[in-house]
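Please read all numbers here as calculations on a predicted model, not as lab measurements. In what follows, chains are A, B, ... by sequence order, proteins preceding strands, each numbered from 1.
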Amino acid sequence: MDFDLTADEKRFRDEVRAFLAEQLPSLEERKKIGPAFFPEWWRKIREKRWVGFDWPKECGGGGGTIMEQYVLKQEMLAARAPGLGRDYTGLGWVGPAIIQFGNDEQKARYLPDILDSKSAWCTGYSEPGVGSDLAALACRAVLDGNEYVVNGQKTWTSMAHTGTGLYCMVRTDPDVPKHDGISCLLIDLSSPGIEVRPIESFAGDHFAHLYNDVFFRDVRVPAANRVGEEGEGWEIICSALERERSGIAEVNRHHEALERLFKLAAQSRIAGRPALESAVLRRRLAAFDARIEAARLNGLRSLTRQVRDENTQSDSSINKLHNCNLLVEMAETGMELLGGASPYLGDTEASLYKGRWQIGALGWPTTVIGGGTPNVQKNIIAERMLGLPKD
Amino acid sequence: MNFGFTQEQEELRSQLRRFLDERAPMGEVRRISETEEGFCRALWKEMAELGFLGLTIPEALGGSGLAWVDLVVLLEETGRSLLPSPLLSHTLASAALIQAGNEAQQQQWLPRLADGSSIGTLAFLEDSDSLAAENIKLIGQPDGAGLRLAGQKRCVMDPEAADFFVVAFRRGEGERDLRLAIVEADAPGVSAQAFPMIDATKRMGNLELDDVHISEEAILSGSASGASDFERLLDAGALAAAAEMGGAVDEALRITVEYTKQRIQFDRPIGQYQGVKHPLAEMYVDAESFKSLVYYGAWCFDNRPDELPRYASLAKAYATEAFVRTGIDSIQLHGAMGFTTAQDIQLYFKRSKWARPIFGDAETHYERIVAMRGL
Ligand SMILES: Cc1cc2nc3c(=O)[nH]c(=O)nc-3n(C[C@H](O)[C@H](O)[C@H](O)COP(=O)(O)OP(=O)(O)OC[C@H]3O[C@@H](n4cnc5c(N)ncnc54)[C@H](O)[C@@H]3O)c2cc1C
C-alpha cells in the first residue's frame, strides 16, 4: 500500500501539469474563443496521445497504464479541462469493443475517427420492452446476401439526433437461448429507414432533447459492420459493462457538490435558526463526506485490483450505488436548505449556484436509472460476490 | 500508487486465519469469554511467540517494526474470530510508548509487551460520553519526588487484565496541557473493576486511583504536547476499533449469507428473495467502503499523520453505522433462530453494541469532521 505516486507517475503528472499550464486557456478565454475552442483542444491532446490514452499503441492509443490514466484524468479534472475527446461513447466502449472483437478492416475504418473526435457514437441497447433484462432484446436483423435488414426500435438512445453511428445490439437468431442470439452491428445513423424522435424528459431545459426513440424500417446494414461473430453480442455487452470501471475513483463532482452544500448551509436557516446549528444537518453532511471518501478509496482499491488482474466483478456496482445515493440525497439536502424558494426554477432568488440544486433534484434519473438501476446492481453484488442464488 | 495489501501481508492474514481457526474456533471463544479472566493466557503467550503482539514494536525492542497497515490485518482477523483478548488495549499501550515514551521507558516496557509478559491499556476518559481533552480533569498533585493521582477513569478496556495503565492527567491546577504516565496495577491505591458486558468477549470498566504515587520516571516525556499525543492515541484507538469491526462485519455477513443459502421457505432458499439478498448486498457495500477508509487511515498513521484525525473519524463513524445496521439485519435474516444463544450470529450482534461507543460513536466523529472545517 502506497498512496504516493511512483517516480514515473510523478514525472507523468508533472508533464500533464506543465502542458495544462501552457496550453489550456482560462474559462474566460475559452468563452471568448467560443465553440472553436473544442476542436483545437482535442487536436492538441490527441497529439499528446492522451485521447484514447488507455488504448493500445498499435490501435492509435497512448498505451498508458491504469494508474497513469487515473493521474491524467485527475489532473484534467482539477484544471477543469474538457473531457478527453468528443466521442465519449466511442472512446469509452465502442472503440474498445472494436479493438477486442473487431477485425483489422473495422479497426482501420472506425478507430481513427474516434480518436480524432470526428465520430459520435451512440448506444443502442434499450428497447420499449427491454431495459434491465437486456438479453431479451427483440430488434431484429435478418441476413440478406451481404447485408442485414434491421427492423424494430431502440429507445432512450442518448444523443442519437446528433450522433454519427449507432453501436447497436440486434437479435439475429430468435431460436436459441436469449443470450446466444444477439449480435452487434455498427449502424450509420444516416442510413435510409432510420427515424430518430426525441424523448422529452421531465427534467426540463437542462435535459431538453438528449434522449431519443430510434425506429428501424428495413434498414440495410452491410454484414461487414458486424463486430464479432453472430451470437457474440452478449459477450461484447458484458465486456463493455466491465469498462465502466475506468472512471471508478473519480468523485470530483461529489466533492464539488459537498463544498457547495456546506456553503449553502452557511447561508441558510432551518426552522429560523442558522442551519449549521442543526446537529442533524451536520451529521448528514459529514456522512456524505464519509461516503464520498469511501467511494474514492474503493475506486483506488479497484484500480489496484485491475492492475493486479484480481476480481473486480462488483466494483462498478458498488461505485454506482454510492453515486446514486449521494446524488439523490445531496440534491434533496440542497433543496431542503433552499427552503420555501426551492420549488422555483431557473434564475430566481433561489437559484444560488444557478439553480443547480433544482437541476440535481430533477435530473437524478440520468444516473440512477441510466446504465442499470440500483436493484440490478444489488442483484449483481449478491449473486457474483456473495454467491446467492439468482432470482 | 497502489492500494492493495502486499504478498507478505496476505500471508500474515492466512497465517492468522489458520491460527485462529484452529486455536480459537467459536466454541473456544465462547468458553474463554465465560472464564474469570475473560481471555486465555496460554493463547496470548502463543500469539506473542508467533510475533503477533510485536508487529509495530521496533525490532531492537523485540518486535517486528512493521506498519499500521500490517496491524490492521491482525485486528481484522481477531475481529473476525471475536477473539476475547486484550489485543486492542495492548496495541494502544504499545502505540503510546512508541510515540511518547523516552528511551528508558521504551526499554522497560516494549520488550515486555512484545513477548506478552506485560499487558497495558489506556486509561484516559473520565466522562463516558466525551473524548474531549478538556474533560480530563485528573490532576497530578506534587508528592515528594513525584506526583500523586486521585480520581477515576472510565471506559477502560481490559481493566483487570492490565499490568499497567497509560493514564492521562494534568500536571497542575489550571494546566492546559495533558500528560501521560504509566501507572502500574500493583501500585498502592490502584484498583480496577470490570463490569458485566453485553458482549462477553470484551472487558471494560473503571480504574480507581486512590492517592497513587507516581515517580517522574513514569511520566511519558511525550512529543511536542501531551494533548496531541492524547488525540493521536484516541485516533489510533478509533482506527484500531474500526479495523476489528471490519473483520467482524465481514464474518457476520458471511455467516448470514451461508444461512440464507441453506434455509428453505416457500420452496426456495431465502437467499433467493430480493428482500433478503438486497440488504446483504448493502452490507457488503458498506463493509467494503468503511474498510477502504480504515486502510487509508492506517496508511496515514505512518505516512501522513496530518490526515490521520480526519480519516480516523470518517472510518469510525462509517464503521459504527454499518456495524450497528449489520448486527440488526443479520439477526433479522436468521429469523427466530437468530434470537437463540445457539447461533453464533448473536455474538456479532453483541459485538456491535460494544463497538458503537468505543473511541467515539458515529455522532461524535461526524461532528468532529464538520468541526474540522472550522464550522
Ligand atoms: C437518462 C437516460 C439515458 C439513457 N441512455 C441510454 C442509451 O444511450 N442507450 C440505451 O440503450 N439505453 C439508455 N438508457 C436506458 C437505460 O439503460 C434503462 O432505462 C435501464 O437499463 C433500466 O431499464 P428500464 O428503464 O426499462 O427499467 P425496467 O427494467 O423496466 O425497470 C423498472 C423498475 O423495475 C426494477 N427491476 C427490473 N428488473 C428487476 C429485477 N430483476 N429485480 C428487481 N427490480 C427490478 C428496476 O430496478 C426499476 O426500478 C438510458 C436511460 C436514461 C434514464
Side-chain angles (χ1 to χ4, degrees), chain A residues 1-6 9-10 67 70-71 249 259 262 265-266 276 279 281-305 307-308 310 314-315 317-319 321-322 325 374-375 377-383 385-391, chain B residues 1-6 9 67 69 72 253-254 256-258 260-261 268-274 276-286 288-296 298-300 303-304 310-311 313-315 317-319 321 362-363 365-373 375:
Chain A
M1 215 170 276
D2 188 355
F3 290 87
D4 292 324
L5 299 182
T6 63
E9 288 162 357
K10 243 181 232 154
M67 286 303 172
Y70 172 70
V71 168
E259 292 314 310
F262 269 108
L276 280 171
L281 179 72
R282 293 170 76 88
R283 178 167 177 161
R284 205 191 304 166
L285 294 176
F288 291 147
D289 199 347
R291 282 190 276 151
I292 294 168
E293 280 304 283
R296 178 176 73 86
L297 293 165
N298 285 342
L300 291 178
R301 276 171 80 198
S302 173
L303 292 184
T304 296
R305 281 198 281 262
V307 170
R308 295 180 177 181
E310 292 171 1
S314 75
D315 292 2
S317 296
I318 292 180
N319 183 50
L321 287 173
H322 275 304
N325 291 333
N375 279 352
Q377 309 301 339
K378 286 179 203 170
N379 275 0
I380 290 175
I381 293 169
E383 290 163 17
M385 299 313 288
L386 304 178
L388 288 163
K390 281 190 187 291
D391 47 49
Chain B
M1 180 170 58
N2 93 76
F3 191 2
F5 290 101
T6 62
Q9 285 158 344
V69 173
V72 161
L253 175 58
R254 192 195 63 77
T256 309
V257 164
E258 287 315 309
T260 63
K261 279 183 196 168
R268 296 203 246 165
I270 56 171
Q272 200 169 357
Y273 297 107
Q274 290 188 353
V276 172
K277 74 208 272 193
H278 286 188
L280 291 169
E282 283 163 18
M283 277 182 212
Y284 180 76
V285 171
D286 282 339
E288 287 306 306
S289 299
F290 83 73
K291 285 192 305 186
S292 292
L293 291 166
V294 170
Y295 300 159
Y296 183 68
W299 185 81
C300 288
N303 299 284
R304 288 191 192 152
R310 174 166 152 79
Y311 285 91
S313 279
L314 290 171
Y318 196 153
E321 286 192 322
E363 186 76 49
H365 284 289
Y366 280 139
E367 173 52 36
R368 184 171 180 236
I369 288 158
V370 177
M372 278 176 201
R373 292 173 169 259
L375 296 171

Heavy-atom pairs under 4.5 Å with chain A: which of [options] has the most?
options	value
B/Thr260, B/Asp286, B/Val276, B/Asn2	B/Asn2
B/Pro269, B/Ala281, B/Ser292	B/Ser292
B/Asn303, B/Leu253, B/Leu293	B/Leu293
B/Cys300, B/Ala67, B/Ser313, B/Ser289	B/Ser289

Between [X] and [Y], is any pair of side-chain heavy atoms under 4.5 Å apart?
X	Y	answer
A/Asn298	B/Val285	no
B/Trp299	A/Asp4	yes
B/His278	A/Asn379	yes
B/Tyr366	A/Asp289	no
A/Leu300	B/Tyr295	no

Segment of [X] engaging chain A (4.5 angstrom heavy-atom cut-off):
X	value
B/Tyr318	side chain
B/Arg368	neither
B/Tyr273	neither
B/Arg304	side chain
B/Val69	side chain

Of all the heavy-atom pairs spanning A/Thr304 and B/Phe3, show the shortest one and how long it is. OG1-N, 2.7 Å

Nearest atoms (heavy-atom pairs only) where A/Ala286 meets B/Leu314: O-CD2, 4.4 Å

Can you tell me how far apart [atom1] ([X]) and [atom2] ([Y]) are? Round to the nearest 0.5 Å.
X	Y	atom1	atom2	value
A/Leu386	B/Glu258	CG	CD	10.0 Å
A/Leu388	B/Tyr284	CG	OH	12.0 Å
A/Glu293	B/Arg310	CD	CZ	5.0 Å

Check for a donor-acceptor pair, side chain of [X] on one end and backbone N or O of [Y] on the other, with a separation under 3.5 Å.
X	Y	value
A/Arg282	B/Leu375	yes
A/Glu9	B/Met1	yes
B/Gln272	A/Lys390	yes
B/Lys277	A/Ile381	no

For salt bridge (charged side-chain N to carboxylate O under 4.0 Å, His left out), just list the numbers for B/Glu321 and A/Arg291, CA-CA rounded to whole Å, side-chain angles, deciding distance to a tenth of an Å, and then say yes or no. CA-CA 12 Å; B/Glu321 286 192 322; A/Arg291 282 190 276 151; over 6 Å; no

Can you tell whether the side chains of B/Arg268 and A/Asp391 come within less than 4.0 Å, N to carboxylate O? no

Please determine if A/Glu259 and B/Arg373 form a salt bridge, counting it only when a charged side-chain N lies under 4.0 Å from a carboxylate O. yes

Highest number of heavy-atom pairs under 4.5 Å with chain B: which of [options]?
options	result
A/Gln377, A/Arg301, A/His322	A/Arg301
A/Met385, A/Arg305, A/Arg308	A/Arg308
A/Glu310, A/Met1, A/Glu383	A/Met1

Region of [X] that comes under 4.5 Å of a non-hydrogen atom in chain B:
X	answer
A/Leu5	both
A/Ser302	neither
A/Leu321	side chain

